[in-house]
2 protein chains.
Amino acid sequence: MLNAFPPDRVSVSERIRKAAIVLFSERGYHGTPVRALATTVNIEAGSLYYHIRSKQQILFDNFERTMDDVLEGLRRAVADATGPEARLRAAVRFHVLFHTSRQSEAFISHAELRALTGQNHRRIVLKRDRYERMFCELLSAGVDAGVFRIADVKLTNIAILTMCSGVADWFSGGGPLTPDQVAEHYETIVLRLVGYADAAG
Amino acid sequence: MLNAFPPDRVSVSERIRKAAIVLFSERGYHGTPVRALATTVNIEAGSLYYHIRSKQQILFDNFERTMDDVLEGLRRAVADATGPEARLRAAVRFHVLFHTSRQSEAFISHAELRALTGQNHRRIVLKRDRYERMFCELLSAGVDAGVFRIADVKLTNIAILTMCSGVADWFSGGGPLTPDQVAEHYETIVLRLVGYADAAG
DNA sequence: GTCTATAACTAGATAGAC
DNA sequence: GTCTATCTAGTTATAGAC
């Protein structure tokens with residue numbers, strides 16, 4: 001049987017990227033020496049710099065990729081759904097599944113935001129704000145349509161987002177629940193907390 | 001008018017502790033050199049070690065103090081309340097107010113858990129687990145009494161806790177809402193998401 | 001109780017051989 | 001494309017003068 005991508009065909013750059021995701025999520029950016037990255041990909045520290053510009057650049061590239069993917073993913077998820085309930089469900093489902101399937105990257109994307117410097121930090125914060133606004137508009141739409149009862153939309157939005165992003169903190173693939181089951185529960189929970197009329201759960 | 005504690009009566013140890021809370025929350029434990037602590041309290045780096053054992057000890061002491069206070073606070077908060085609804089309300093209220101009034105400490109207590117070493121880490125995780133169990137029992141009590149409808153108590157518990165702890169991430173004293181108002185909103189949100197019958201909000 | 005000086009080590013990053 | 005060697009700077013922590 002053909003295998004188009006045997007393990008040793010994976011580029012060193014890609015292996016560095018993956019190693020950084022694991023190490024940054026486990027020990028934090030400042031807690032991870034570049035030598036630890038080098039050891040993980042079985043090269044010497046000096047050799048890393050043939051592939052990377054700086055440690056900060058690895059972090060920023062990971063942020064940008066993750067933010068772009070989550071923004072695009074949310075856009076697609078809600079585009080397929082009609083009506084405030086279905087659209088919010090789709091958004092929560094997507095958000096939760098993203099935070100289980102790309103758990104470490106998602107985790108880094110809020111835990112290590114402080115570690116981004118200057119312009120890097122500003123650029124990522126802008127993308128995060130865009131994501132929050134997209135989510136917030138789903139709530140407002142439901143309120144305007146009279147199907148959600150929300151006292152403070154911005155507060156409820158951030159409450160929902162921190163709750164759903166928290167999945168990246170505690171989810172375990174070896175745990176009792178599959179990503180799908182977690183997503184299902186969170187859909188119910190979120191619909192309840194926005195006061196959706198038919199949210200029996 | 002007498003002032004029993006003029007600013008310069010505050011011990012250096014105490015000023016180091018406070019400085020660490022601010023710096024660790026802003027830059028992270030690994031992102032904060034001990035020299036930054038020294039600068040903040042206007043002494044030289046070497047002088048710090050007359051007051052502290054190690055940087056790690058500062059972090060651990062802060063964790064232990066914060067965890068002890070939050071555990072004791074939760075115990076008192078629910079002790080004053082009767083019935084599942086009132087007890088859960090009191091718990092959420094306390095949790096949110098703790099995360100606004102002692103925002104930086106609370107923030108560190110989940111953001112920097114990874115930075116604790118060996119036995120320090122294990123001891124704090126045990127306390128965190130105790131807190132989670134105390135909270136979880138409030139949910140179970142409501143389910144047993146037939147006033148909460150919860151499909152998965154453990155999942156709902158962690159969803160609530162991550163949501164409420166998230167307040168330490170985004171709350172701003174200069175923002176539009178007072179701590180009391182945030183607590184009020186969160187009480188409503190939580191009662192809704194546990195399916196409390198009378199949770200009109 | 002704070003200082004200066006420094007030990008002992010680690011950090012991120014570069015240079016040049018191969 | 002990876003190596004070794006190294007630079008410069010920064011790290012936590014200690015020692016001994018004052």
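The sequence lines fix the lettering, A, B, ..., with proteins before strands; numbering per chain opens at 1.
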Scan residues 45-64 of chain B for pairs that pass ring pair (Phe, Tyr, Trp, His ring centres under 6.0 Å), counting only residues two or more places apart or in two chains.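 Listed once each, the pairs would be none.
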Using the ring pair (Phe, Tyr, Trp, His ring centres under 6.0 Å) rule, collect all pairs that involve residues 155-189 of chain B, keeping only residues at least two apart or in two chains.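 For residues 155-189 of chain B: none.
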Which residues in residues 43-59 of chain B have at least one heavy atom lying under 4.0 Å from any atom of DNA chain C? B:I43, B:E44, B:G46, B:S47, B:Y50, B:H51
Using the test salt bridge (charged side-chain N to carboxylate O under 4.0 Å, His left out), find all partners of [X] that sit at least two apart in sequence or belong to another chain.
X	result
A:E184	none
A:R102	A:D69, A:E105
B:R35	none
A:E64	A:R123, A:K127

Output every pair passing salt bridge (Lys or Arg N to Asp or Glu O under 4.0 Å) with a member in residues 71-85 of chain A, not counting sequence neighbours, ordered by first then second residue. A:E72-A:R75, A:E72-A:R76, A:E85-A:R89
Keeping B:Q181 on the side-chain end and B:T178 on the backbone end, is there a donor-acceptor pair under 3.5 Å?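 Yes, B:Q181 side chain to B:T178 backbone: donor-acceptor pair under 3.5 Å.
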Test your reading of the model: is there a side-chain donor-acceptor pair from A:R15 to the backbone of A:T40, 3.5 Å cut-off?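 Side chain of A:R15 to backbone of A:T40: no pair is present.
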Applying side-chain contact (heavy atoms from CB on, under 4.5 Å), name anything that partners A:R130, two or more places apart in sequence or on another chain. A:L71, A:R133
Within residues 26-40 of chain B, those residues having any heavy atom closer than 4.0 Å to DNA chain D are B:T32, B:P33, B:V34, B:R35
Dot-bracket assigned to DNA chain D with the 3.5 Å Watson-Crick/G-U criterion, [ ] for crossing and | for other-strand pairs, is |||||||.||||||||||
Can you say whether the rings of B:H110 and B:F107 are parallel (under 30°), tilted (30 to 60°) or perpendicular (over 60°)? perpendicular
Is B:K55 salt-bridged to B:E112, cutoff N-O under 4.0 Å? no
Could you give the start and end, 5' to 3', of the contact zone on DNA chain C for chain B, using atoms under 4.0 Å from its heavy atoms? C:dG1 to C:dT4
